[in-house]
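Okay, so here's the structure we're looking at.
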Amino acid sequence: MRHLLDVTDFSADEIREILRLAEEPIASLGRPLEGQGASLIFEKPSNRTRHSMEMAVVQLGGHPVYTRGEEVGFDTREPVEDIARIMAGYHGVIAARVFEHSTVTRSAAAMDADGTGVPIVNMLSDKSHPLQAFADALTMRQQMGELAGKTVAYVGDYANVARSLAEISLLLGMRVRLACPDGFDASTAEIERLSQFGDIAQSTRPGDAVKGADVVHTDTWVSMGQEADKESRRRAFEGYTVDETMMSDAADGAIFMHCLPAYRGFEVSAEVIDGPRSAVLAQGHNRLHAARGAMAFILQEVTS
Ligand code: CP
Ligand code: NVA
């Protein structure tokens with residue numbers, strides 16, 4: 001059984017296969033969830049992830065069941081493991097958007113313990129957002145062709161989206177350039193971990209990262225759950241807004257990407273996100289195709 005907890009659960013070849021499946025006609029995927037449910041549990045709000053996962057489940061022949069986190073109450077109403085084990089009796093896959101990454105790893109461990117469980121999918125945790133990364137890679141490949149040798153610059157908070165983007169980009173042979181303010185950057189140990197996958201460098205100066213890059217990517221400065229720190233975070237990120245001046249340092253024809261939701265005037269100017277270099281709508285729409293491809297891949301492993 002394969003879980004989808006992090007990008008690094010997959011080899012570069014497996015990631016390429018997921019991207020291939022994402023672009024296959026739906027009819028060729030064989031309805032691996034026929035007659036089965038898919039449990040989608042959200043401890044945090046969502047637009048893209050909920051809708052793309054619900055529709056991907058339908059397109060794979062299954063029936064999505066949405067539940068808010070407070071209804072199941074991970075470790076408050078009952079232990080994470082009990083929730084996962086019970087749901088595995090109703091559903092062919094369990095997906096969760098969680099505050100703590102350990103909620104999805106513990107669910108996966110509970111599934112693996114007796115070999116009767118179902119795949120667990122991480123729909124965003126404090127650590128990573130692998131479904132976003134698959135859509136990001138799909139979008140970059142559609143816009144630029146072969147990704148090996150291209151450069152992606154990430155400007156902003158080194159959080160869940162940045163981490164998964166860095167992993168998938170490096171695994172696919174891209175150079176990754178991070179620009180993050182002190183205190184919101186990748187630790188030395190994290191840069192060393194990423195270095196095992198490829199060419200990564202980090203700076204506090206956005207200009208260093210963006211220079212000559214083929215893609216400039218950012219995310220909110222205030223992730224879900226950090227709203228109390230909004231003002232201090234906005235001060236810490238002054239100078240990190242991706243605007244036309246910053247984009248002019250990137251390669252000719254460079255594209256702008258953002259996982260969304262976006263806050264115009266903070267991490268990105270309206271001119272850039274709503275301008276001709278922006279790939280954010282294709283990127284958002286690709287969440288559906290990437291979710292379908294990724295689930296088709298892990299469910300193939302269940303049935304094969
Ligand atoms: N990018 C993303 O995960 O969006 P949602 O939070 O709306 O699902
Ligand atoms: N880093 C953001 C991503 C939202 C899709 C968050 O965790 O809120």
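Each ligand, and each atom within it, is numbered from 1 in the order the structure gives.
- Between the Ser28 side chain and the Pro25 main chain, a donor and an acceptor come within less than 3.5 Å of each other.
- Within the cation-pi definition used here (under 6.0 Å to the ring centroid, within 45° of the axis), Arg50 qualifies as a partner of Tyr66.
- Remark: the backbone N or O of Asp157 is paired with a side-chain donor or acceptor of Tyr154 at under 3.5 angstrom.
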Enumerate the pairs of nitrogen or oxygen atoms, one from ligand 2 and one from the protein, separated by less than 3.5 angstrom; state names and distance to 0.1 Å.
{"residue": "ligand 2", "atom": "1 (N)", "partner": "Asn160", "partner atom": "OD1", "Å": "2.9"}
{"residue": "ligand 2", "atom": "1 (N)", "partner": "Asp219", "partner atom": "OD2", "Å": "2.7"}
{"residue": "ligand 2", "atom": "1 (N)", "partner": "Ser223", "partner atom": "OG", "Å": "2.7"}
{"residue": "ligand 2", "atom": "7 (O)", "partner": "Asn160", "partner atom": "ND2", "Å": "2.9"}
{"residue": "ligand 2", "atom": "7 (O)", "partner": "Ser223", "partner atom": "OG", "Å": "3.4"}
{"residue": "ligand 2", "atom": "8 (O)", "partner": "Met224", "partner atom": "N", "Å": "2.7"}

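- Residues Arg20 and Glu24 are paired through a salt bridge, judged by an N-O separation under 4.0 Å between the basic side chain and the carboxylate.
- Panel note: side chain Asp82, backbone Pro79; no donor-acceptor pair is recorded below 3.5 Å.
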Donor-acceptor list for residues 170-182 side chains, cut-off 3.5 Å, not counting sequence neighbours:
{"residue": "Arg175", "atom": "NE", "partner": "Thr151", "partner atom": "OG1", "Å": "2.9"}
{"residue": "Arg175", "atom": "NH2", "partner": "Gly149", "partner atom": "O", "Å": "2.8"}
{"residue": "Arg175", "atom": "NH2", "partner": "Thr151", "partner atom": "OG1", "Å": "3.3"}
{"residue": "Arg177", "atom": "NH1", "partner": "Asp199", "partner atom": "OD1", "Å": "3.1"}
{"residue": "Arg177", "atom": "NH2", "partner": "Asp199", "partner atom": "OD1", "Å": "3.2"}
{"residue": "Arg177", "atom": "NH2", "partner": "Asp199", "partner atom": "OD2", "Å": "3.3"}

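- Hydrophobic clustering, defined by side-chain heavy atoms of Ile, Leu, Val, Met, Phe, Trp and Tyr closer than 4.5 Å, groups Tyr90 together with Ile86.
- For ligand 1, the 4.0 Å heavy-atom shell takes in Ser46, Asn47, Arg48, Thr49, Arg97, His129, Gln132, Cys259, Leu260, Arg287, ordered by chain and residue number.
- Transitive grouping of hydrophobic side chains (ILVMFWY, heavy atoms separated by less than 4.5 Å) keeps Ile191 and Val155 in distinct clusters.
- A ring pair (Phe, Tyr, Trp, His ring centres under 6.0 Å) with Phe184 is found for one member of Tyr240, Phe237, Trp221 and no other, namely Phe237.
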